[in-house]
Amino acid sequence: MMAAMSEPPAQRHARVRSQSLALAEGLSEADCQVQSMPDASPLKWHLAHTTWFFETFVLEPFEPGYAPHHPAYRVLFNSYYQGVGERHPRAQRGLVTRPGLAEVRAWRAAVDARVQALLRAPPAAADGAALAAAVELGLQHEQQHQELMLTDLLHLFACNPLAPAWRPGPAPAIGAGEAADPAPAWCPFEGGLVEIGHAGAGFAFDNETPRHRQWLAPYALARRLVTQGEWLEFMAAGGYREPRWWLAAGWDWRQAQGIEAPQYWQRAEGVGAGGWHRFTLRGLLPLDLPAPVAHLSLYEADAYARWRAACEGRPLRLPTEAEWEHAAAAGAGPGLAEGNFADGQAWLALPARAGSAKGDAPLQLFGDLWEWTASSYGPYPGFRPWAGAVGEYNGKFMIEQSVLRGGSCATPREHIRASYRNFFPAATRWQFSGLRLACDLG
């Protein structure tokens, strides 16, 4: 892991940590306590676990005379680090009513003050570099949990029959009465022998390395994500009722769960396409036909690609992660990725139109929605996990998961890069996930 941020470490630490607290502003103790499903976590747990991370991986190895804030927190807020010790069961995080939210906030403040003291008077030479790397890892970890705070809160509020809104805001521009965009334009790539994986300065997770070569056949990527209007066409054509479009595991999942639409879509009275609305962090809204369709599983994304390929008589499919990264690296250039991210007050617009979906838009691969790929999540050739307990961060999950690329409207902009590999099981839908089509050329 490497840290090459121009912002002073103490300032960056204070800023990123405060952003997590901002996400919880205005929420009640109950809002932050409830766990809506085993895969989600209460917001209070996110605030506590990220603090546990700094206490465990920054203060414990680097602070002279280290002592834990509360010994029980070491077990209570450990997520999956077997090398650290025992863990509280994941599915029971919502049962931990104590410590309360105020106590967790006080713990955060105490740990932050101790980290700030270390950053103001860091150890010299190698120990100082190791401290800086550990703090940067903690901040990258914090930003991952900031996105999870949004996705988990959305799932929680979707379980409430009152359909509560998370943040008040101006009425979004909704295109429910608009026709779906025409077929997307395509951006071709010659392929050949390409390099993927992290290269150069700056932070990267271990699963982004080492940089290596892959061979790509000529391909093209759609210039935009699949839209809500196009998804309605798939539904109207019986896409959820026709097993030939689905992987066997996907069809079994669809039948067992009774899936007939993307997550958070529901029928409701009032203006809407076919009566369909979608639940968002602003509450229940009509569909926005030209906007990207969100909260899809890999099973749904793959079924749509197969259906659309049959409709058009073209070799359409999901892109591989190597194709996606090759295209992103070719267009991203230096600096931060451009796209619709969760910066500043942008979260007020998250549930509305997630970026432009117009067919003549430039190839924008970052932000908006995480994009499912056809690639299984596994190690790159020569992969080596980090040493110590942080080596459990990514490597041990390299089985039965699929890769998503690009970040979403819930991702901090500074957190994403072309080599970033997100991963989830194929049935996952509560993330801000969508799809972009690829096409074989030649």
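Note that the structure is predicted; figures quoted are calculated from it, not measured.
A cation-pi arrangement, defined by a distance under 6.0 Å to the six-membered ring centre and an angle within 45 degrees of its axis, is absent between R429 and F424. For the pair R93 and W45, the cation-pi criterion (under 6.0 Å, within 45° of the ring axis) is fulfilled. A cation-pi arrangement, defined by a distance under 6.0 Å to the six-membered ring centre and an angle within 45 degrees of its axis, is absent between R224 and W186.
With no hydrogens or angles considered, a side-chain donor-acceptor pair links Q140 and E136 at under 3.5 Å. In summary, the side chains of E55 and H69 do not present any donor paired with an acceptor at a separation below 3.5 Å, with no hydrogens or angles considered. Looking at Y264 and H155, their side chains never bring a donor and an acceptor atom within 3.5 Å of each other. E321 and S375 share no side-chain donor-acceptor pair at under 3.5 Å. Using modelled atom types, one finds a donor on one side chain and an acceptor on the other under 3.5 Å when comparing H141 with H49. Between the side chains of T428 and Q431, no donor-acceptor pair is found at a separation under 3.5 Å. In this model, no donor atom of one side chain and acceptor atom of the other lie less than 3.5 Å apart for N207 and Y393. With 3.5 Å as the limit, one finds a donor-acceptor pair spanning the side chains of D152 and W430. Of the N and O atoms on the side chains of Q143 and H415, at least one donor lies less than 3.5 Å from an acceptor on the other residue. Judged purely by distance below 3.5 Å, without hydrogens or angles, the side chains of S41 and R90 never pair a donor atom with an acceptor atom.
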Step by step, work out the side chain to side chain contact (heavy atoms under 4.5 Å, CB included) result for R167 and R282. CA-CA 6 Å; R167 289 283 194 271; R282 283 187 178 175; over 6 Å; no

Check the pair C409 / D368 against side chain to side chain contact (heavy atoms under 4.5 Å, CB included), numbers first and verdict last. CA-CA 5 Å; C409 53; D368 294 326; 5.6 Å; no

Kindly determine whether T51 and R17 satisfy side chain to side chain contact (heavy atoms under 4.5 Å, CB included), including the steps that lead there. CA-CA 9 Å; T51 302; R17 291 282 283 169; 3.0 Å; yes

Evaluate the criterion salt bridge (charged side-chain N to carboxylate O under 4.0 Å, His left out) for residue pair R12 and E414; output intermediate values, then yes/no. CA-CA 11 Å; R12 173 167 162 74; E414 65 185 358; 3.1 Å; yes

Worked verdict on E103 versus K44 for salt bridge (charged side-chain N to carboxylate O under 4.0 Å, His left out): CA-CA 10 Å; E103 292 173 279; K44 185 180 75 175; over 6 Å; no

Would you check, one step at a time, whether the test ring pair (Phe, Tyr, Trp, His ring centres under 6.0 Å) holds for F57 with W52? CA-CA 8 Å; F57 296 119; W52 171 95; 5.7 Å; yes

Evaluate the side-chain hydrogen bond (donor to acceptor under 3.5 Å, both in side chains) criterion for residues S408 and E147: first the C-alpha distance (whole Å), next the side-chain angles of each, then the deciding distance (0.1 Å), finally the verdict. CA-CA 9 Å; S408 79; E147 180 162 354; 3.0 Å; yes

Does the side chain to side chain contact (heavy atoms under 4.5 Å, CB included) test come out yes or no for R254 and Y240, once each step is laid out? CA-CA 8 Å; R254 192 214 67 78; Y240 280 97; 4.1 Å; yes

Quick one, H198 with Y420, criterion side-chain hydrogen bond (donor to acceptor under 3.5 Å, both in side chains). Give me CA distance, side-chain angles, the key distance, then yes/no. CA-CA 8 Å; H198 182 73; Y420 196 110; over 6 Å; no

Should R15 and E7 be marked as a salt bridge (charged side-chain N to carboxylate O under 4.0 Å, His left out) after you check the CA-CA gap, both sets of side-chain angles, and the distance that decides it? CA-CA 10 Å; R15 176 177 59 82; E7 186 178 15; 2.8 Å; yes

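Checked against side chain to side chain donor-acceptor pair (under 3.5 Å), R317 has the following partners two or more places apart in sequence or in another chain: E323, D440.
Under the 3.5 Å distance criterion, the side-chain polar atoms of Q255 are left unmatched by any main-chain donor or acceptor of D252. The backbone N or O of W245 lies less than 3.5 Å from no partner atom in the side chain of W251, so there is not a single donor-acceptor pair. Judged purely by atom type and a 3.5 angstrom limit, T373 uses its side chain to pair as donor or acceptor with the backbone of V403. Checking side-chain atoms of E63 against main-chain N and O of R114 turns up no donor-acceptor pair under 3.5 Å. Between the side chain of T320 and the main chain of A374, no donor-acceptor pair closer than 3.5 Å is present. No donor-acceptor pair closer than 3.5 Å links the side chain of Q228 to the backbone N or O of L287. With hydrogens and angles disregarded, no donor-acceptor distance shorter than 3.5 Å links the side chain of W372 to the backbone of P319. Under a 3.5 Å cut-off, the side chain of T151 and the backbone N or O of L148 do form a donor-acceptor pair. A donor-acceptor pair under 3.5 Å links the side-chain atoms of H88 to the main chain of Q92, judged by distance alone. Side chain of R108 to backbone of L47: a donor-acceptor contact under 3.5 angstrom is found.
In this structure, L363 and A222 approach most closely via the heavy-atom pair CD1-O, 3.5 Å. Smallest separation of non-hydrogen atoms from S433 and L296: OG-O, 2.8 Å. The shortest non-hydrogen separation linking G339 to Q364 is CA-NE2, 3.5 Å. For the residue pair L118 and L131, the shortest heavy atom distance occurs at O-CD2, 4.0 Å. The minimum heavy-atom distance between A426 and S297, with the atom names listed, is O-CB, 3.2 Å. Of all the heavy atoms in L27 and C32, the pair that sits closest is CB-SG, 3.9 Å.
Taking the side chain as every heavy atom from C-beta outward, L76 and R74 never approach each other to under 4.5 Å. Counting heavy atoms from C-beta outward, F366 and R413 have side chains that stay 4.5 Å or more apart.
Here the two rings, on Y304 and W231, have centers that are under 6.0 Å apart. With ring centers used as reference points, F423 lies 6.0 Å or more from W370. Residues F54 and H13 bring their aromatic ring centres within 6.0 Å. In summary, the aromatic rings of F157 and W166 are positioned with their centroids too far apart to meet the 6.0 Å limit.
Below 30°, between 30° and 60°, or above 60°: for F397 and Y80 the angle between ring planes is above 60°, a perpendicular geometry.
Rounding to the nearest 0.5 Å places CG of L247 at 7.0 Å from CG of L298. Separating the CH2 atom in W307 from the CG atom in L316 is a distance of 11.0 Å, to the nearest 0.5 Å. Note: D112 CG to L21 CG = 7.5 Å, rounded to the nearest 0.5 Å. From L101, atom CG reaches atom CG of L43 across 9.0 Å, with rounding to the nearest 0.5 Å. Atom-to-atom distance recorded for R223:CZ and L437:CG is 14.5 Å, nearest 0.5 angstrom. In this structure, the separation between CG on L137 and CZ on F53 is 4.0 Å, given to the nearest 0.5 Å.
Between E371 and R405, no side-chain nitrogen of the basic residue sits less than 4.0 Å from a carboxylate oxygen of the acidic one, so the salt-bridge criterion is not met.
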